[in-house]
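Below is one structure, written out as structure tokens; comments come after it.
Since the structure is predicted, the reported quantities are computational estimates derived from the model, not experimental observations.
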Amino acid sequence: MTSSALFAGCLALSLAASAALPSARQGQVQVHTEDFPAAVALAGDAPGWRTVESRELNEGAGPFWLRTQVEVPPREAGAPTPALALSVLGSWEAWWDGRPLGRNGQVGRTPAEEVPGRVDALLPLPPELSAPGPHVLTMRVSAHRLGFQPVGTLHYLRVGEAASLARARMLGLVPALCTLGALVLMGLYHLARVRLARGGLATLLLGVLCLAATALVLLEAWRGLANYPYPRHAVRLRLLAAAVLAVTALLPATVHAAFGEPRRWLRWMGLGLGLLSLVFVPGFDGKNGIALGASLAVSTALAVRAWHRGEPGAMGALAGLGFAGTLYMLAPWDFSERGFFLAFGGLLLCLTAVHAQQQRRQQERLESATRAAERLQLELLKRSLQPHFLMNTLGALSEWVETEPTQAVRFIEALGSVYRHLLAVSGERTIPLARELELCRAHLAVMGCRQGTAFHLETDGVDLEAPVPPALLHTLLENAFSHNRYISPHTFRLQSSLVADGARPRRRYLFLAPLGTGTRQGGGEGTGSRYLRARLEEAFPGAWRLEDGPTQDGWMTRVEVPA
């Protein structure tokens, strides 16, 4: 009888005070930091209650009290009793219109007394206290094990049919989980291409970006899939921030690698300023929103520059970035939680299509260069065996056989060495520089015998293991003898050095052919020059440079390839 009277009194006081209470619909609650008995809190007449925004509720470890007015929506006759969905970072016990509603964990005055509660809870309302209209929710909360300082500890408060609330929560996870599978497959596909098909930096970055986006989507879904105790929320948020930073850095890096942006400082400056501003943004959601926004802005700027340069695939990347940017603008602060899976799923699909188009173009260019190199290689071999060359060679050889047998033997050995080297390297895409130098010295020996003088090849700073296209220097020597007549000893020079070119160094070769008598200046686009360009494109698609021109000491040819 006494307990019933106490409950009736508390209910009357609660209902009388409800008119003055702030409403959860307005996003406000009343808090009191004094840990007084439940009867005092439910009476509502203790001084010191203050009104705060529910999203900014953060009273420390507590225990503390909060109360607010909650509206139960109208429902049809015979509809199930509604339930209260709560998301609080702490342990708590709750009262509904003065009646005990339930608890989540164990509220404590110290960490040892507290038993951590789950982040999310769904409590059925008493049938007799679930009439449509305003009701009073009172809670006692403690949060000794947060591990960080949140912006707010009350994340969610809603009344509705229990099945509808649970179904809405799970349905919100379905699109993200579907996107998760696609992101995993795309990431593994690109990484497999790097491993098996010798994909480039853009392929590697795109694969890692897909897996980073996978981690972000999975961490966002973790809360809905596993209702963990509230201390783990700090772990999830830190992992989530790490995934966001990974995506933030990888997205512009992938766009940069895909389109070869020449101004590297633009990406780092814009992204750096965006990330620097995170220091001044409160809360994990705000930081994540700023980081993703800065990444999308810098990536869009890079794609626009690529479009202005006429890069193939830039329009597709812009379409994906525009789609993601539109979803970001709709809800920037909740982007990582709500629109990210859809935005980045579409964006990464566009980037994958762009990458596939670029790979196809590169493969077509490689096949074309290979066919051209094979055709030009046959032309070079025919030029080495042309009747004029054979007639002069056989004539000189006949004379040497009769007058200088030793010279004839030396010439036959040198000529055989040249053709042995040509046959050995003819089917290779690249060969070590050491083998190329052997071919060149054998050719100089042949030409020395024919000209009756001595020729030398000096090398400076060369890496004998560095890969070069076959017959690269040999062709330069042939061009030199085609444009010059040497009647005295001469020395050809090859210098090699590493030059900085962003993150990847390049190897530069300088080949100097000395001037002879009867010099005809100019490189032109003869068979030799076409062969050089085709071979370089075959070995280093789109990543080589070839320049030549006269100098005071002779004809200088500069070749740059990736180191």
Side-chain angles (χ1 to χ4, degrees), residues 21-36 38 41-42 48-70 83-96 101-123 136-159 165 169 219-220 222-224 226-241 281-289 333-334 336-338:
L21 278 180
S23 171
R25 178 180 295 179
Q26 299 170 347
Q28 293 181 331
V29 297
Q30 278 190 340
V31 295
H32 203 300
T33 55
E34 184 178 347
D35 187 24
F36 37 61
L42 295 175
W49 289 91
R50 57 190 176 86
T51 301
V52 300
E53 296 291 330
S54 58
R55 64 176 180 273
E56 298 176 359
L57 174 67
N58 185 2
E59 301 301 317
F64 62 90
W65 289 89
L66 72 85
R67 63 184 184 181
T68 187
Q69 186 180 127
V70 182
L84 174 67
L86 277 173
S87 177
V88 181
L89 294 182
S91 303
W92 49 265
E93 48 189 335
W95 291 260
W96 183 260
L101 183 62
R103 66 174 60 206
N104 187 15
Q106 177 67 49
V107 179
R109 293 181 175 86
T110 65
E113 289 183 8
E114 182 185 271
V115 176
R118 302 280 174 175
V119 173
D120 300 302
L122 188 64
L123 302 175
V136 179
L137 171 68
T138 307
M139 299 179 67
R140 180 172 177 252
V141 184
S142 68
H144 292 281
R145 307 187 187 187
L146 273 177
F148 73 110
Q149 187 69 22
V151 174
T153 54
L154 178 59
H155 286 184
Y156 186 80
L157 193 160
R158 180 169 296 179
V159 174
L165 292 173
R169 179 180 174 183
L219 288 167
E220 285 289 0
W222 179 16
R223 177 174 171 177
N227 188 15
Y228 47 77
Y230 83 87
R232 295 186 187 173
H233 196 65
V235 177
R236 171 180 168 267
L237 290 180
R238 291 188 175 99
L239 292 175
L240 195 61
V281 179
F284 281 92
D285 289 341
K287 288 180 170 62
N288 293 344
W333 305 119
D334 298 328
S336 63
E337 183 177 354
R338 300 180 184 276

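- The salt bridge (Lys or Arg N to Asp or Glu O under 4.0 Å) search around R140 returns D35, E93, not counting sequence neighbours.
- Inter-residue side-chain proximity for R232 and R145 is flagged as unmet; no heavy-atom pair is nearer than 4.5 Å.
- At least one side-chain heavy atom of L157 sits less than 4.5 Å from a side-chain heavy atom of T68.
- V31 places a side-chain heavy atom less than 4.5 Å from the side chain of R50.
- Checked against side chain to side chain donor-acceptor pair (under 3.5 Å), E34 has no partners two or more places apart in sequence or in another chain.
- Applying the salt bridge (Lys or Arg N to Asp or Glu O under 4.0 Å) rule to E114 yields no partners; only residues at least two apart in sequence or on another chain are considered.
- The line from CH2 of W92 to OH of Y230 is 13.5 Å long, rounded to the nearest 0.5 Å.
- How far CG of L84 is from CG of L86: 4.0 Å, rounded to the nearest 0.5 Å.
- Judged by distance alone, with hydrogens and angles left aside, the side-chain atoms of S54 form a donor-acceptor pair with the main-chain N or O of G27 at under 3.5 Å.
- Here the closest non-hydrogen pair linking W95 and A38 is CZ2-CB, 3.8 Å.
- Separating the CG atom in L239 from the CG atom in L219 is a distance of 5.5 Å, to the nearest 0.5 Å.
- Closest approach of Q106 and R103 over heavy atoms only: OE1-NH1, 2.9 Å.
- When the side chain to side chain donor-acceptor pair (under 3.5 Å) test is applied to H32, no partner is found at least two apart in sequence or on another chain.
- Looking only at distances, a side-chain donor or acceptor of S142 sits under 3.5 Å from a matching main-chain atom of G108.
- For the pair V141 and V107, the minimum side-chain heavy-atom distance is 4.5 Å or more.
- The two residues G117 and S91 come nearest to each other via the heavy atoms N-OG, 3.1 Å.
- Between the side chain of R118 and the main chain of N227, a donor-acceptor pair closer than 3.5 Å is present.
- In this structure, V88 and M139 have side chains that are in contact, with non-hydrogen atoms separated by less than 4.5 Å.
- A search for ring-ring contact (aromatic ring centres under 6.0 Å, His included) contacts involving H144 returns nothing, not counting sequence neighbours.
- For R55, the salt bridge (Lys or Arg N to Asp or Glu O under 4.0 Å) criterion is met by E53, not counting sequence neighbours.
- A distance of 11.5 Å separates CD in Q69 from CD in Q28, rounded to the nearest 0.5 Å.
- Legend: residues meeting side chain to side chain contact (heavy atoms under 4.5 Å, CB included) with L165, ordered by chain and number and at least two apart, are A85, L122, Y156, R158.
- For N58, the side chain to side chain contact (heavy atoms under 4.5 Å, CB included) partners at least two apart in sequence or on another chain are Q149, P150, T153.
- Atoms CG and CG, from L66 and L137 in turn, are 6.5 Å apart once rounded to the nearest 0.5 Å.
- For A226, the side chain to side chain contact (heavy atoms under 4.5 Å, CB included) partners are W222, not counting sequence neighbours.
- Atom NE2 of H233 sits about 9.0 Å away from atom CG of L240, to the nearest 0.5 Å.
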